[in-house]
Amino acid sequence: MKQGFTLHNALFIGFCATLLVAIKSMMRMKLGLTGHSMFLISLFYLVCYGATNKVGSMTLCGLLTGILAMILGVGKGGPFILLKFALPALAMDLALIFMANMFTLRWRCILLAIIGSIAWASKSWIQNLLVGMDPQVAFIQFGLSSVKGGVFAIAGALLVPVIINRLDAHDLLTTNKAAHK
C-alpha cells in the first residue's frame, strides 16, 4: 500500500525549507556571480527528495521556502520571491514523474538540478518581459542565467548522494533503500 507523507517526512521538509532560508539570510553575500543561489536551492530540494523518496516533496519544500522568505524579507523581488523558490521545485517534481527510477540517484539529481536551473532562470525572463525588455535580449539573458545557474545547481546536486548515504548510514531515513541505488 502506497503511503503519503508521514510526520517524519513533513518535519524533514520543514527543516530543509527553514535551513535554506536561514542560510540564505545569513550569507547575504554579493558574489557577483549569476546563479549562485541555485547551489543551495538544488541541494536542499534534492535532499528532501532523496530523504523522503516522494514526488511532491520538492514542491512542498519550495512553497514553504518561498513563503518563509517572503515573510522574513529574505532576498529581493517581493511576491516574485515565491516564484524564485517554487518554480524550480515544481519543475523538478514534474520531471521526476517522468524519470522516477530511470537513472541512479546521482544522475537523477544532476538532471533534476539542470531542469530546476532552467525553471529558476524563467523567473528572471518573466520579470524582464514584464518591464518591457526586448524579447531577444530577455531570451539571451534567460539562456545565460540558465547556464550559470546550472553550474551551481550541478555542484549542489553532486553533494546529495553523499548526504543521503550519510543519513542512511546513521539510520535517519525511513525510505525504500532500493530507490537510492
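Only heavy atoms go into these numbers, but all of them, side chains included; no hydrogens, no water, no symmetry mates. Fair warning: this is a prediction, and the values are worked out from it, not measured in the lab.
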Check step by step if side chain to side chain contact (heavy atoms under 4.5 Å, CB included) holds for I97 and L94. CA-CA 5 Å; I97 292 171; L94 288 174; 4.2 Å; yes

Would you sort out whether S42 and F152 count as a side chain to side chain contact (heavy atoms under 4.5 Å, CB included), showing the intermediate values? CA-CA 8 Å; S42 68; F152 286 103; over 6 Å; no

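Contact detail for G62 and Y45: the closest heavy-atom pair is CA-OH, 3.2 Å. Taking both residues in full, the closest heavy atoms of V21 and A69 are given as CG2-N, 4.1 Å, listed atom of the first, atom of the second, then distance. Residues L46 and A113 come closest through the heavy atom pair CD1-CB, 4.3 Å. Heavy atoms only, all atoms of each residue included: V47 and I164 are closest at O-CD1, 3.9 Å. Taking all atoms of both residues into account, the shortest heavy-atom contact from G156 to L43 is O-CD1, 3.5 Å. I115 approaches A91 most closely through the heavy-atom pair CG2-O, 3.7 Å.
Between F85 and K24, the closest side-chain pair of non-hydrogen atoms falls below 4.5 Å. Looking only at side-chain heavy atoms (C-beta outward), F5 and L60 come within less than 4.5 Å of each other. Side-chain contact between D93 and L96 is present, with at least one heavy-atom pair separated by less than 4.5 Å. Side-chain atoms of S25 and L72, non-hydrogen and from C-beta on, never get closer than 4.5 Å to each other. Y49 places none of its side-chain heavy atoms less than 4.5 Å from the side chain of M92. Counting heavy atoms from C-beta on, the side chains of F39 and L159 come closer than 4.5 Å.
Relative ring orientation between W125 and F142 is described as tilted, the plane-to-plane angle lying within the 30° to 60° band.
No continuous path of hydrophobic side-chain contacts links L144 to V137 [ILVMFWY only; heavy atoms under 4.5 Å]. Hydrophobic clustering (side-chain heavy atoms under 4.5 Å, transitive across Ile, Leu, Val, Met, Phe, Trp, Tyr) keeps L112 apart from V147. Residues L11 and I67 fall into different hydrophobic clusters, defined by Ile, Leu, Val, Met, Phe, Trp and Tyr side chains chained together at heavy-atom separations under 4.5 Å. Residues L111 and M102 fall within the same hydrophobic cluster, defined by Ile, Leu, Val, Met, Phe, Trp and Tyr side chains chained together at heavy-atom separations under 4.5 Å. L68 and I13 are members of different hydrophobic clusters when ILVMFWY side chains are connected at heavy-atom separations under 4.5 Å.
Listed by first then second residue, pairs satisfying side-chain hydrogen bond (donor to acceptor under 3.5 Å, both in side chains) with a partner in residues 127-142 read K123-Q127, not counting sequence neighbours.
Once rounded to the nearest 0.5 Å, the distance linking CD1 of I154 with CD1 of I114 reads 4.0 Å. Here L158 contributes atom CG and I163 contributes atom CD1; the two are 11.0 Å apart, rounded to the nearest 0.5 Å. In this structure, OG1 in T59 is found 12.0 Å from CG in L64, a value given to the nearest 0.5 Å. Atom SG of C48 sits about 12.5 Å away from atom CG of N53, to the nearest 0.5 Å. To the nearest 0.5 Å, the span separating CH2 on W107 from SG on C109 amounts to 11.5 Å. Going from atom CD1 of I41 over to atom NE2 of H36 covers 9.5 Å, rounded to the nearest 0.5 Å.
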